[in-house]
Amino acid sequence: MHFMKAISLGYNAHMRCSAIVATTIDGKIGLDAGHFSDWTSPEDKNFLHQMLDESDVVVVGNNTYKTALEPLSKRNCIVLTTSVAISERKSSRLFLVNAQTADMRKILETYKTIAILGGTQTYTYFLENDLLDEIYLTIEPLVFGRGLNLFESAKNINATFRLESTRQLNEKGSLLLHYVRA
Ligand SMILES: NC(=O)c1ccc[n+]([C@@H]2O[C@H](COP(=O)([O-])OP(=O)(O)OC[C@H]3O[C@@H](n4cnc5c(N)ncnc54)[C@H](OP(=O)(O)O)[C@@H]3O)[C@@H](O)[C@H]2O)c1
């Protein structure tokens, strides 16, 4: 978070939005909207679970939520969907939010550590609205040849990040890159 921007826009300086992403070598996060992320390495899954355990809330789009209902059911989740007018609390763990009508920043400010779990539309919403503080990007050594990009914006986004650390997760060469907003 840029400090001066935090002051001028009155952000909660403690709120941190971290995108957690796995991509192929060709930068794809899945084949299509209904593709379950069963192609990532066990080491990346361990990292993901550790990150989610440390997060106050997980934000996912409705498509991703539907592909991972069971693993996400035990998490505190904000699910983005246009199926609600503004927002609707379904249970203590499940909060449906329409990011087109709700005051997303105000909702997010009630948390400290926020894990943005995708997919493309959701990562793109956070990028376009300048809400991404950092990206944990695991590159898995495989190629899909087609599929969903990490971001898909109609706008020209010029967001710059700084590489904070790199880690090789296993012998086959899954690489975990940690970028923070420059
Ligand atoms: N490799 C990875 O790290 C990773 C991580 C997560 C997901 N994925 C993959 O990503 C794919 C799904 O991505 P996706 O882009 O199709 O979908 P998505 O972002 O998961 O969900 C899209 C849906 O979320 C809702 N939504 C998104 N932005 C919104 C906004 N600003 N306001 C209100 N509602 C909003 C809409 O739901 P409604 O239709 O209900 O209105 C929209 O149809 C799957 O293949 C999944 O496996 C990969």
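For ligands, and for the atoms within them, numbers begin at 1 and follow the listed sequence. As the structure is a prediction and not an experimental result, all values here were calculated from the model. These numbers come from the heavy atoms of this one structure, side chains and all, not from hydrogens, waters or symmetry mates. Numbering of residues begins at 1 and proceeds along the displayed sequence.
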Exercise. Which parts of the protein, at residue level, reach under 4.0 Å of ligand 1 through a heavy atom?
Worked result: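 Near ligand 1, by chain and number: V21, A22, I29, D32, A33, H35, S37, W39, G61, N62, N63, T64, L80, T81, T82, N98, A99, Q100, L117, G118, G119, T120, Q121, T122, Y123, Y125, L148.
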Exercise. Of all residues at least two apart in sequence or in a different chain, which pass the salt bridge (charged side-chain N to carboxylate O under 4.0 Å, His left out) check with E164?
Worked result: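 For E164, the residues satisfying salt bridge (charged side-chain N to carboxylate O under 4.0 Å, His left out) (neighbours in sequence not counted) are R162.
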For this session: Starting at CG of L94, measure out to CD1 of I78 and round the result to the nearest 0.5 Å.
Result: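 Output value for this atom pair is 10.0 Å.
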For this session: Look at the side-chain heavy atoms of Ile, Leu, Val, Met, Phe, Trp and Tyr, link any pair under 4.5 Å apart, and say whether L163 and L150 land in one connected group.
Result: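 Yes, L163 connects to L150 through the hydrophobic network.
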Problem set entry | Co-membership, hydrophobic cluster, residues L137 and V60, 4.5 Å side-chain |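 Different hydrophobic clusters.
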Exercise. Any side-chain donor-acceptor pair under 3.5 Å between S174 and D44?
Worked result: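 Per modelled atom types, S174 and D44 side chains form no pair under 3.5 Å.
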For this session: Step through it carefully: locate the ring centre of H178, locate the ring centre of F47, and say whether they are under 6.0 Å apart.
Result: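 Between F47 and H178, which both carry aromatic rings, the centre distance is not below 6.0 Å.
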